[in-house]
Amino acid sequence: MKKRGLIVVDLQNEYLPIGKLPLSGIEAASANAAQVIDDARHKAIPVFHIRHEATNDQSPIFVPGSDGVKIQPGVTPADNEPVIIKHHINAFRDTDLKQQLDAQGVEELIIVGAMSHMCVDAIVRAAVDMGYPVTVLHDACATLDLSFAGVNVPAAHVHAAMMAAFEFGYGTVKSTQDYLSAV
């Protein structure tokens, strides 16, 4: 069996109802992520936290030093868990995430977090391009309603489209319960 690593993508206060970019279903996704983090800790699976931060304080979201950039209390990193700060959608871009995964001997990734259609999408695709087998826990991820060319797309449809794309060509998509039952 390949050594697994858990990546927790951007579960920050900005996405909570009190934040500037609230996501549909974020509380349930975070609660599921917390279960997976707890399981990983008990099984000595390395956990890597990703935290998005704008490059300056003029940004409308993820302002450095704000409450919005803080990781949500329910998924707070343990002292031995790295927090990778990123300034781009893809958590591998201009960070040492790959080096940290390599240093821990991680060969396979479990991914949870936000937003399904942005940062989760980017890390899944980049990880697969780097050769990592990936499992996404769909109910430990969240997103929001989108609009394009006058078409409003509910968050549930955005999320389902992303998970279907992952399952079609990028990896395994499971529920938190199915993952925890199988491990």
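All figures in this text were calculated on a predicted structure; none of them were measured in a lab.
H117 has its side chain within reach of L144: a pair of non-hydrogen atoms, C-beta onward, lies under 4.5 Å apart. For the pair D145 and H157, the minimum side-chain heavy-atom distance is 4.5 Å or more. At a threshold of 4.5 Å between non-hydrogen side-chain atoms, the residues V8 and L6 count as touching. The shortest side-chain heavy-atom distance between P22 and L16 does not fall under the 4.5 Å cut-off. Looking at heavy atoms from C-beta onward, D102 lies in side-chain contact with K98 at the 4.5 angstrom threshold. Side-chain contact check for F62 versus D10: every heavy-atom pair is 4.5 Å or farther apart.
Taken from NE2 in H138 to OG1 in T172, the straight-line distance is 12.0 Å, to the nearest 0.5 Å. Atoms SG and OH, on C119 and Y15 in that order, are 5.0 Å from each other to the nearest 0.5 Å. In this structure, D139 CG and K174 NZ are separated by 12.5 Å, a value rounded to the nearest 0.5 Å.
In this structure, K3 contributes its side chain and Q104 its backbone to a donor-acceptor pair below 3.5 Å. Although no hydrogens or angles enter the test, the distance criterion places no donor-acceptor pair under 3.5 Å between the side chain of N32 and the main chain of T176. The backbone N or O of E27 sits nowhere less than 3.5 Å from a side-chain atom of S30 that would complete a donor-acceptor pair. Side-chain atoms of Q12 come within 3.5 Å of backbone N or O of V69 as a donor-acceptor pair. Although no hydrogens or angles enter the test, the distance criterion places a donor-acceptor pair under 3.5 Å between the side chain of N56 and the main chain of Q58. Proximity of a side-chain donor or acceptor of E167 to a complementary backbone N or O of A164 within less than 3.5 Å is not detected. Between the side chain of S116 and the backbone N or O of C141 there is no donor-acceptor pair closer than 3.5 Å.
The nearest pair of heavy atoms linking P64 to A54 is CG-O, 3.3 Å. Pairing each heavy atom of N13 with each of P73, the nearest pair is OD1-CD, 3.7 Å. Contact record, K20 with P60: CD-O, 3.1 Å, taken as the closest heavy-atom pair. Shortest non-hydrogen contact noted between G5 and I45 is CA-CG2, 4.0 Å. Closest of all the heavy-atom pairs between P133 and K2 is CG-NZ, 3.9 Å. Considering all non-hydrogen atoms of both residues, V112 and A33 come closest at CG2-CB, 4.0 Å.
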| said: Quick one, H159 with T143, criterion side chain to side chain donor-acceptor pair (under 3.5 Å). Give me CA distance, side-chain angles, the key distance, then yes/no. | reply: CA-CA 6 Å; H159 185 74; T143 195; over 6 Å; no

| task | Decide side chain to side chain donor-acceptor pair (under 3.5 Å) for T55 and H87; before the verdict, give the C-alpha distance in whole Å, the side-chain angles of both, and the deciding distance to 0.1 Å. | result | CA-CA 6 Å; T55 55; H87 305 294; 5.9 Å; no

| request: Evaluate the side chain to side chain donor-acceptor pair (under 3.5 Å) criterion for residues S147 and N152: first the C-alpha distance (whole Å), next the side-chain angles of each, then the deciding distance (0.1 Å), finally the verdict. | output: CA-CA 4 Å; S147 181; N152 294 320; 3.1 Å; yes

| request: Would you sort out whether L21 and M115 count as a side-chain contact (heavy atoms from CB on, under 4.5 Å), showing the intermediate values? | output: CA-CA 10 Å; L21 194 59; M115 292 189 289; 4.2 Å; yes

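Between D121 and R125, at least one side-chain N (NZ, or NE/NH1/NH2) sits under 4.0 Å from a carboxylate O, which counts as a salt bridge. Salt bridge absent: R41 and D38 never bring a charged side-chain N and a carboxylate O closer than 4.0 Å.
For the side chain to side chain contact (heavy atoms under 4.5 Å, CB included) criterion with H52, the lone passing option out of K86, M118, E14 is K86.
Note on V153: it clusters hydrophobically with I26, by side-chain heavy-atom contacts below 4.5 Å among ILVMFWY residues. In this structure, I71 is not a member of the same hydrophobic cluster as V63, with clusters built from ILVMFWY side-chain heavy atoms closer than 4.5 Å.
Think of V173 as one node in a network of Ile, Leu, Val, Met, Phe, Trp and Tyr side chains linked at under 4.5 Å; its network also takes in I7, V9, F48, I50, I84, F92, L97, L101, V106, L109, I111, V120, I123, V124, V128, M130, Y132, V134, V136, M162, M163, F166, Y170.
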